[in-house]
Amino acid sequence: MRLAIEKARQGIAKGQSPFGCAIARGDEILAVEHNVVWATTDITAHAEVTALRAACAKTKQVVLPGTIAASTCEPCPMCMAALLWARVETVYFGATIADAQAAGFNEIPLPAAEIVRRAGGRLKLVGGVLGEECTSLFAQWQNAPSRRPY
């Protein structure tokens, strides 16, 4: 999670949104990415999606069994579906969708746990990991001169 938090801070410094994600398998870090929605003008370029793209490219696989993901925020429905389709085993997150909404993001208030439940519950979801530190990323972003919500 600390890698994801640091990557989110780097993203904020580059004018991006305050989200980061790291994906690992065992001791190997497969990807550490931040949200690049504004840099790419791609609304799907959330931190989890960019990390999945990088991890899949590195492994040359479209599924990532045996992996964990650490996301600074509870995955949105799009990201949670992508993590499920990639067969990530466990997703750890810090801040919540409600925290992102409170910071000004246009979120769909559908909990990641509900998506996992409807998908058959094969992915383990663990919230609140370094929650205060992850939530503080929103305050850092709100004070950034290049802050742009979507």
For this session: Hydrophobic side-chain clustering at under 4.5 Å (ILVMFWY, transitive links): who's grouped with Val62? Put none if nobody.
Result: Val63

For this session: Determine the minimum heavy-atom distance between Ala4 and Ala70, stating which atoms define it.
Result: CB-O, 3.5 Å

Exercise. Counting only N and O atoms by type, is there a donor-acceptor contact under 3.5 Å from the side chain of Glu74 to the main-chain atoms of Ala112?
Worked result: yes

For this session: Would you mind reporting whether Val49 and Cys79 have side-chain heavy atoms less than 4.5 Å apart?
Result: yes

For this session: Give the C-alpha distance, both sets of side-chain angles, the deciding distance and a yes or no for side-chain contact (heavy atoms from CB on, under 4.5 Å) between His34 and Glu6.
Result: CA-CA 9 Å; His34 61 75; Glu6 180 53 35; over 6 Å; no

For this session: Assess whether side-chain contact (heavy atoms from CB on, under 4.5 Å) is satisfied between Arg2 and Glu133, documenting all intermediate values.
Result: CA-CA 9 Å; Arg2 295 214 183 274; Glu133 198 168 340; 2.7 Å; yes

For this session: Look at the side-chain heavy atoms of Ile, Leu, Val, Met, Phe, Trp and Tyr, link any pair under 4.5 Å apart, and say whether Phe105 and Val37 land in one connected group.
Result: yes

Exercise. Any side-chain donor paired with an acceptor under 3.5 Å for Ser71 and Glu48?
Worked result: yes

Exercise. Are the side chain of Glu107 and the backbone N or O of Gln101 linked by a donor-acceptor pair below 3.5 Å?
Worked result: no

For this session: Measure the shortest side-chain to side-chain distance between Trp38 and Ser17 over non-hydrogen atoms and say whether it is less than 4.5 angstrom.
Result: yes

Problem set entry | 4.5 Å side-chain heavy-atom contact, Lys58 and Glu28 | yes

For this session: Identify the heavy atoms of Ala31 and Ala51 that sit nearest to each other, and give their distance.
Result: CB-O, 3.4 Å

For this session: Just do the side-chain contact (heavy atoms from CB on, under 4.5 Å) check on Cys73 and Phe138 with the steps written out, would you?
Result: CA-CA 10 Å; Cys73 190; Phe138 293 118; 4.1 Å; yes

Exercise. Taking atom types as modelled, is there a side-chain donor on Arg53 or Thr44 under 3.5 Å from an acceptor on the other?
Worked result: yes

Exercise. With side chains defined as the heavy atoms from C-beta onward, is the minimum distance between Thr50 and Cys21 less than 4.5 Å?
Worked result: no

Exercise. Out of curiosity, Ile43 CD1 to Asn106 CG, how far, rounded to the nearest 0.5 Å?
Worked result: 8.5 Å

Problem set entry | Side chain to side chain, Gln140 and Arg9, heavy atoms closer than 4.5 Å | yes

Seminar exercise, completed: The remaining residues in the hydrophobic cluster of Trp85, counting side-chain heavy-atom contacts under 4.5 Å among Ile, Leu, Val, Met, Phe, Trp and Tyr, are none

Exercise. Between Ile12 and Arg147, is any pair of side-chain heavy atoms under 4.5 Å apart?
Worked result: no

For this session: Establish, yes or no, whether a centroid distance under 6.0 Å links the rings of Phe19 and Trp141.
Result: no

Exercise. Would a 4.5 Å heavy-atom cut-off, applied to side chains only, mark Arg25 and Pro65 as touching?
Worked result: yes

For this session: Could you walk me through whether Ile5 and Leu137 pass the side-chain contact (heavy atoms from CB on, under 4.5 Å) test, one step at a time?
Result: CA-CA 8 Å; Ile5 291 167; Leu137 293 167; 4.3 Å; yes

Exercise. Taking all non-hydrogen atoms of both residues, which atom of Ala8 and which atom of Thr72 are closest, and how far apart?
Worked result: CB-CG2, 4.3 Å

Exercise. Do Cys76 and His46 come close enough that some side-chain heavy atom pair is under 4.5 Å?
Worked result: yes

Problem set entry | Considering all heavy atoms, the nearest Met1-Cys134 contact | SD-SG, 3.8 Å

Exercise. Is the side chain of Thr135 donor-acceptor paired with the backbone N or O of Ala95 at a distance under 3.5 Å, no angle test?
Worked result: no

Problem set entry | Members sharing Val88's hydrophobic cluster (side chains within less than 4.5 Å) | Ile23, Leu30, Leu52, Leu64, Met80, Leu83, Leu84, Val91, Phe93, Ile108, Leu110, Ile115, Val116, Leu123, Leu125

